Protein chains: 2
Amino acid sequence: MKLSVKSDYAARAVLGLARAHAGGRSMRVEDLARGQSIPPNYLIQILIELKARRLVKSVRGKEGGYLLAMRPSEITLGDVLRAVHGQVFDTPALTDGSCPTELKQAWQTLQQTMDRAADCINFQHLVEQSAEREKMYYI
Amino acid sequence: MKLSVKSDYAARAVLGLARAHAGGRSMRVEDLARGQSIPPNYLIQILIELKARRLVKSVRGKEGGYLLAMRPSEITLGDVLRAVHGQVFDTPALTDGSCPTELKQAWQTLQQTMDRAADCINFQHLVEQSAEREKMYYI
DNA sequence: CATCGCGTGAAGTTATCCGTGAAGAGCGAT
DNA sequence: ATCGCTCTTCACGGATAACTTCACGCGATG
């Protein structure tokens, strides 16, 4: 089961915006892309999906850009994954009539486990981790 | 994050062999494929991967076929997933130098969660579940 | 109205998944 | 030894999704 780079890009983007969230200023796609090493044109599409899920919002025109639509503590990794893929965890087995029931239950167990784990990780926490590391370097 | 049908097929195949494990007799690919609604030629490839990981073994010639290489209770869903894909959970982010450290840690957390969850589900358990359901129908 | 940056669709290029087919190799029976 | 059964292996091809880039339109600001 492999995660696409898209998920990673999306998470990096939200993390980048979360770091800038304190300032309250918007961030240009170009700068965000450069800061996180994401192909700019691809990032735009990802941001649109994040925006559709109300995780981020955009401001047009000069001085425009992107910013988080809510506080970093309210956004989880699960939200981001659900925004770019339909679900955190998916398998054709669950909708396949020829898959034995007991196996379906096993897949569902995994699904729930993933969902819960992904929803436990929020971006406030991630930002604090990096701040923590900065402090250690400082000492 | 989507699981391929291959994982599902592999799990079904092992489940099918686990059910037949009590008899100690081998199962032909054809029969296993028909019983689990798996394309026969595709199942062959999957079985070879399972064999490489020592989860199943094969017998050639007449009266040949496949059977489990160990007891159903010793085979977990995690083993099967690792056999057909490299790992239970994988993401390019972990090997990407431009992915922020704190995000990598988050992915690793998910990875560990998945691994543990998948290793908690063994096929003895799954077979017992189906037996349980049979009994309920009988009543 | 000029400039800057988002918005959108399309196009193309890989990669991977999924499945098929045919020829090769071991085992048992006749 | 030969033949039939079954696994083994390799190679191919279509379909689908992932990834990336390009070109142009729209909105806001000054």
Side-chain angles (χ1 to χ4, degrees), chain A residues 1-13 17 20 25-53 56-69 81 83-87 90-93 96 98-99, chain B residues 1-13 17 25-34 36-69 81 84-87 90-93 96 98:
Chain A
M1 174 173 14
K2 214 177 66 193
L3 216 53
S4 61
V5 300
K6 188 177 183 180
S7 332
D8 184 36
Y9 288 165
R12 282 195 224 175
L17 293 176
R25 292 174 37 77
S26 65
M27 233 180 141
R28 286 187 312 166
V29 173
E30 270 299 323
D31 297 339
L32 185 57
R34 198 171 4 246
Q36 302 291 336
S37 307
I38 305 173
N41 291 320
Y42 194 29
L43 177 58
I44 291 177
Q45 297 178 40
I46 295 172
L47 284 170
I48 288 175
E49 296 187 57
L50 292 174
K51 184 182 167 186
R53 280 303 198 94
V56 306
K57 54 190 176 186
S58 63
V59 178
R60 288 193 168 193
K62 200 164 166 135
E63 301 292 308
Y66 277 89
L67 56 168
L68 291 190
L81 291 177
V84 293
H85 305 128
Q87 308 182 36
D90 192 20
T91 165
D96 184 346
S98 55
C99 179
Chain B
M1 174 172 15
K2 213 176 67 195
L3 216 53
S4 62
V5 301
K6 190 176 183 180
S7 333
D8 183 37
Y9 288 165
R12 282 195 224 175
L17 292 176
R25 293 173 36 77
S26 65
M27 233 179 140
R28 287 188 310 167
V29 173
E30 271 297 324
D31 297 338
L32 185 57
R34 200 172 2 247
Q36 301 290 336
S37 309
I38 304 173
N41 289 324
Y42 195 28
L43 177 56
I44 290 176
Q45 297 178 39
I46 295 171
L47 284 170
I48 288 175
E49 296 185 59
L50 292 173
K51 183 183 170 186
R53 280 302 199 93
R54 311 293 167 100
L55 298 179
V56 305
K57 55 189 176 185
S58 63
V59 179
R60 288 190 171 192
K62 201 167 164 121
E63 301 292 309
Y66 277 91
L67 55 170
L68 291 189
L81 290 178
V84 293
H85 305 127
Q87 311 182 32
D90 191 21
T91 165
D96 183 347
S98 56

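This structure is a prediction, so every number in the text was calculated from the model and none was measured. Below, chain A is the first sequence line, B the second, and so on; all start at residue 1.
In this model, the phosphate group of D:dT6 is approached by a side-chain N or O of B:R28 to a distance below 4.0 Å at OP1 or OP2. Dashed line: the shortest gap from a side-chain N or O of B:S58 to OP1 or OP2 of D:dT6 is not under 4.0 Å. Listed pair A:K51 / C:dG7 meets the phosphate criterion, a side-chain N or O lying under 4.0 Å from OP1 or OP2.
Comparing A:I48 and A:G61 against DNA chain C, the residue whose closest nucleotide sits nearer the 5' end is A:G61. Judged by closest nucleotide on DNA chain D, B:E63 is the one of B:P92 and B:E63 placed further toward the 5' end.
Proximity of A:Y9 to A:L43: side-chain heavy atoms (C-beta onward) are nowhere separated by under 4.5 Å. Within the 4.5 Å cutoff, the side chain of A:L67 has heavy atoms near those of the A:K57 side chain. Contact check for B:D8 versus A:C99: side-chain heavy atoms found under the 4.5 Å cut-off.
Distances were taken from every side-chain heavy atom of B:V29 (C-beta onward) to each of D:dC5, C:dG21, D:dC7; the shortest belongs to D:dC7. Proximity note for A:Y9 (side chain, C-beta onward) versus D:dT20, C:dG19, D:dA28: the nearest is D:dT20. When each of C:dC17, D:dA18, C:dT16 is scored by its nearest atom to the side-chain atoms of A:S4, the top-ranked nucleotide is D:dA18.
At a cut-off of 3.5 angstrom, the base of D:dT8 holds no donor-acceptor pair with the side chain of B:Q45.
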Discussion item. Set out, in order, the CA-CA distance, both residues' side-chain angles and the distance that settles side chain to side chain donor-acceptor pair (under 3.5 Å) for B:S98 and A:R12, then state yes or no.
Written reply: CA-CA 10 Å; B:S98 56; A:R12 282 195 224 175; 3.3 Å; yes
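Base engagement by A:I44 is indicated by at least one non-hydrogen atom pair under 4.0 Å involving a base atom.
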